[in-house]
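Every chain is numbered from 1 and lettered A, B, ... according to where its sequence line falls, protein lines coming before strand lines. Not measured: the values here are computed from a predicted model.
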Protein chains: 2
Amino acid sequence: MGVNLKDIAQRAGVSLATVSNVVNGYRPVGERTRQRVQQAIDELGYSPNLGARHLRRGRTGLIALAVPELTNPYFAELAEIAISEAAALGYTLVMENTAADREAELALLDGSRQRIIDGLILSPVRIGREEVLARTAGSPLVLIGEGVYDVPHDHIAIDNVAASHAAIRHLVAIGRRRIAFIGATPGGDRQSAHLRVRGYREALAAAGLPYRPRLVAGTDAFGRLDGMRAVRDLLALGDPPDAVFGYNDLVAIGALRALAEAGHRVPEDVAVIGIDDIEEGRFTAPTLTTIAPDKREIGRLAVRRLVARIEGAEVAGPLTVQTPFRLLRRESTGTPDADHRSPTSPARSIPPVVRPREDDPRDP
Amino acid sequence: MGVNLKDIAQRAGVSLATVSNVVNGYRPVGERTRQRVQQAIDELGYSPNLGARHLRRGRTGLIALAVPELTNPYFAELAEIAISEAAALGYTLVMENTAADREAELALLDGSRQRIIDGLILSPVRIGREEVLARTAGSPLVLIGEGVYDVPHDHIAIDNVAASHAAIRHLVAIGRRRIAFIGATPGGDRQSAHLRVRGYREALAAAGLPYRPRLVAGTDAFGRLDGMRAVRDLLALGDPPDAVFGYNDLVAIGALRALAEAGHRVPEDVAVIGIDDIEEGRFTAPTLTTIAPDKREIGRLAVRRLVARIEGAEVAGPLTVQTPFRLLRRESTGTPDADHRSPTSPARSIPPVVRPREDDPRDP
DNA sequence: GCACGGCTCTATAACGTTATACAGGTGATG
DNA sequence: CATCACCTGTATAACGTTATAGAGCCGTGC
């Protein structure tokens, strides 16, 4: 097809190996020869055939990031970070969409795709510890997010239980008592939801609040529509909550919508909090309070670990790394002066329109 | 590394070529032999080395979709469609992020990446006709979106001018007269914005409305923050518009935010419309009226065209295809009974909370 | 009985690259 | 002057696959 090493070699009047060395820097080449070769390369427009290089070297320079849905902004934002980090390390990152499909995840784990990528970063949702342990393919694997623990692979995630604690503590601190959790899947196959529910229950107990199963609403998936439906169903039962903790920001945004439709004011009647800190949550009405994982850290760490394994370096530190998170308070849980002092606080003077505290909501 | 053809051949007691024929179906193989080979494949867990196959066949089965930003939901939604379409045709689609960077787009056009993918679907924003024409790499190229015309490549896009017309007609039909356009970049390098502005001006003229340059607000990029800032600046000038037409849904969502902060009611005081029909717009408060391109059609067509070219088929039909779009009326331009009858309509009885017409906002 | 065609299967030459082994030449050192 | 080390450059063998040419074998028709 294109221009190859042989063409360059002929043009420059040198051997194949010399051209390869110029391109590749494996062996030193004399200055005069190098220039002749470089000129030939520029004139003919040579670029190496990655397939052949792969065949010879055993590496492609390609790594994959597999996520359950491209349309979840959390993953899109993570992907942009990972792509630039990979580029900085000389790798190309390709995106894979598992669509939260078990077969797709399994295919990635030991399927044929493995032969063309040097390593895989996977956010598993439908497979568990056993499937990961049964993996036969040899290329390095880094897991991100929750769901699979105690496997001999690098694993980057936030502490979900602690994140839930932080969210509930915040809601309790602003005087909320009937706190709902939206997004607990009934099936046992999504461990992250279970971890977040566990944190929710523990934090309620720590605050001396009762655990009410009716306030925990399951969803099939973790999108806006799921959150909206779950909150609608919850409100239909009567006796509404005074706060909603969403499994993630998308679910929480769906909750905002359902609450607005039902005529509940946020945050006055119901406070809402999510997890992920997607950009969208800075523009909702009201803006969304959230637990913000350090996406930059997650993306960078995942790529760096993977590349280190690919290049065979001894990687220091534990396999599992928990990255930090922080609480970003926005309008959906009210401004500090609008907190419920107590369940029977007098004259809640909450302004009708809660203005953002920052002029630029890009990075509060 | 892994198991290869030779291993299988030894195990099954046949030649390399026979195994290849079993895997590949290029030549018929006797039933007994086929079974022996298949058994060996299953036992050893063979999967072909794509690099070597590529080297030999000249094809990888990989196609790329390059978009200016992964975090724009429009592209994420398009990508999911394209990925499944590619899979149905036996290809793997990898995502590339140009980050709206000129160098990145040029590198994709004739850079080294080209050697590992069989074809490219590109949404250009920083390059124009000349750069595309200067392309030397040989693999097929399909352009999506706007910006580059009159080049010898397939090109899938909506009719931007017509889309703008539809948006403005709608705003005029509901009684709006001072219509702003948000998202016109000053530089000449983003032709789609120019096309949409042209449609805006033409439609204003057709409706007998004056063109007011002050109501056209430029932005650096096309995100929520850009829309918010542009509308803030516009409002700061005084004499606010009664409608805002956003370059895309993200810009329009930023506009919603700026309007809410400034205390303008949507749609009562200012109507807002965008383009793209991203899912997010079904959950904003108020929900966002939009011009919905047929993303499924765009994604499918782009992949099919590309694959047809890769496989050397004679592709019928014109190079440039304009896909359909439709207007989705939601709360941000009000319910039909709330239309402004005239600029001086008596007693606008607009309900304080505009409820959605549909129970399920997934697909109105 | 022999040539021939059809059917399986095999041997092998690419594909473009990189790493190894080696060759030739030059300058320094003993 | 001989030896050695070094520096450049070359020839070539892989890497794993697929397509081509061809080798056996068997049955059929003359």
Side-chain angles (χ1 to χ4, degrees), chain A residues 1-38 40-41 44-62 90 112-118 137-139 311, chain B residues 1-38 40-41 44-62 112-118 137-139:
Chain A
M1 300 277 133
V3 182
N4 60 16
L5 278 189
K6 201 158 79 181
D7 299 334
I8 305 294
Q10 281 181 353
R11 176 100 169 197
V14 296
S15 77
L16 263 178
T18 301
V19 181
S20 173
N21 283 330
V22 169
V23 172
N24 210 27
Y26 175 69
R27 281 279 187 95
V29 175
E31 190 48 35
R32 272 180 55 86
T33 329
R34 143 165 280 116
Q35 285 185 359
R36 271 218 316 285
V37 171
Q38 190 58 53
I41 288 177
L44 296 181
Y46 168 77
S47 66
N49 179 317
L50 293 187
R53 175 175 281 178
H54 173 209
L55 179 59
R56 182 60 234 236
R57 290 214 277 219
R59 292 211 201 127
T60 50
L62 256 46
S112 54
R113 184 66 44 71
Q114 287 299 88
R115 301 298 285 262
I116 207 176
I117 59 174
D118 294 343
S139 64
E311 296 179 351
Chain B
M1 305 268 133
V3 182
N4 59 18
L5 278 188
K6 200 158 79 182
D7 300 332
I8 304 295
Q10 281 180 353
R11 176 99 169 196
V14 296
S15 78
L16 263 177
T18 301
V19 181
S20 173
N21 283 329
V22 169
V23 172
N24 212 26
Y26 175 68
R27 281 279 185 97
V29 175
E31 190 48 36
R32 273 181 54 86
T33 328
R34 143 164 279 118
Q35 285 185 0
R36 272 218 316 285
V37 171
Q38 190 57 54
I41 289 178
L44 297 181
Y46 168 77
S47 66
N49 179 316
L50 294 186
R53 175 175 280 179
H54 173 209
L55 179 57
R56 184 60 236 240
R57 289 214 277 218
R59 290 210 202 130
T60 50
L62 255 46
S112 53
R113 183 68 41 74
Q114 287 300 88
R115 301 296 285 261
I116 208 176
I117 59 173
D118 294 342
S139 64

(request) Measure the distance from CZ on A/R59 to C1' on C/dG16 and round it to the nearest whole Å. (result) 19 Å
(request) With the side chain counted from C-beta on, respond yes when A/D118 and A/S139 share a heavy-atom pair under 4.5 Å apart, and no when they do not. (result) no
(request) For residues A/V14 and A/V19, determine if any side-chain heavy atom of one lies less than 4.5 Å from a side-chain heavy atom of the other. (result) yes
(message) Any side-chain N or O of A/R57 below 4.0 angstrom from OP1/OP2 of C/dA19?
(response) no
(request) Starting at atom OH of A/Y46, determine the distance to atom P of C/dG16, rounded to an integer number of angstrom. (result) 10 Å
(request) Ignoring hydrogens and angles, tell me if any N or O in the side chain of A/N24 forms a donor-acceptor pair with the backbone of A/Y26 under 3.5 Å. (result) no
(message) When you compare the side chain of A/E311 with that of A/R59, does any pair of heavy atoms fall below 4.5 Å?
(response) yes
(message) Can you work out whether B/A52 or B/A17 has the more 5'-proximal nearest nucleotide on DNA chain C?
(response) B/A17
(message) Does a side-chain N or O of B/Y26 approach OP1 or OP2 of D/dT17 to a distance below 4.0 Å, or not?
(response) no
(message) Please list, in numerical order, the residues of residues 28-36 of chain B that have a heavy atom closer than 4.0 Å to any atom of DNA chain D.
(response) none
(request) Please state how far atom CG in A/L50 lies from atom P in C/dT17, giving the value in whole angstrom units. (result) 10 Å
(request) Quick one: pull up CG in B/L16 and CG in B/N21 and give me the separation to the nearest 0.5 Å. (result) 11.0 Å
(request) Write down the distance between CZ (B/R56) and P (D/dG16), rounded to a whole number of angstrom. (result) 16 Å
(message) Please determine whether a side-chain nitrogen or oxygen atom of B/N21 lies at a distance below 4.0 Å from atom OP1 or OP2 of C/dT8.
(response) no
(request) Give the rounded distance in Å between these two atoms: CG of A/D7 and C1' of C/dC15. (result) 13 Å
(request) Rounded off to whole Å, could you give me the NE2-to-P distance for the B/H54 and D/dT17 pair? (result) 15 Å
(request) Ignoring backbone atoms, establish whether B/N49 has a side-chain N or O less than 4.0 Å from OP1 or OP2 of D/dG16. (result) no
(request) Please round to 10 degrees the angle between the axis of the first five pairs and the axis of the last five pairs in the helix from C/dG1-D/dC30 to C/dG30-D/dC1. (result) 70°
(request) Might you work through the side-chain contact (heavy atoms from CB on, under 4.5 Å) test for A/V37 and A/R34, ending with a clear yes or no? (result) CA-CA 5 Å; A/V37 171; A/R34 143 165 280 116; 5.8 Å; no
(message) Which residue in the set B/V23, B/V22, B/T18, B/L44 passes side-chain contact (heavy atoms from CB on, under 4.5 Å) when paired with B/I8?
(response) B/L44
(message) Could you check whether any side-chain heavy atom of A/R53 comes within less than 4.5 Å of a side-chain heavy atom of A/L50, counting everything from C-beta outward?
(response) yes
(request) Nearest whole angstrom, please: distance from the P of C/dA13 to the CG of B/L55. (result) 17 Å
(message) With a cut-off of less than 4.0 Å, is there a side-chain N or O of B/S15 near OP1 or OP2 of C/dA11?
(response) no
(request) Can you see which heavy atom on B/A40 is nearest to which on B/A12, and at what distance? (result) CB-CB, 4.1 Å
(request) Would you please confirm or rule out a distance under 4.0 Å between OP1 or OP2 of D/dG9 and any side-chain N or O of A/T18? (result) no
(request) Could you walk me through whether A/H54 and B/N49 pass side-chain contact (heavy atoms from CB on, under 4.5 Å), step by step? (result) CA-CA 10 Å; A/H54 173 209; B/N49 179 316; 4.0 Å; yes
(request) Report the distance from atom CZ of B/R27 to atom C1' of D/dA19, rounded to the nearest whole Å. (result) 8 Å
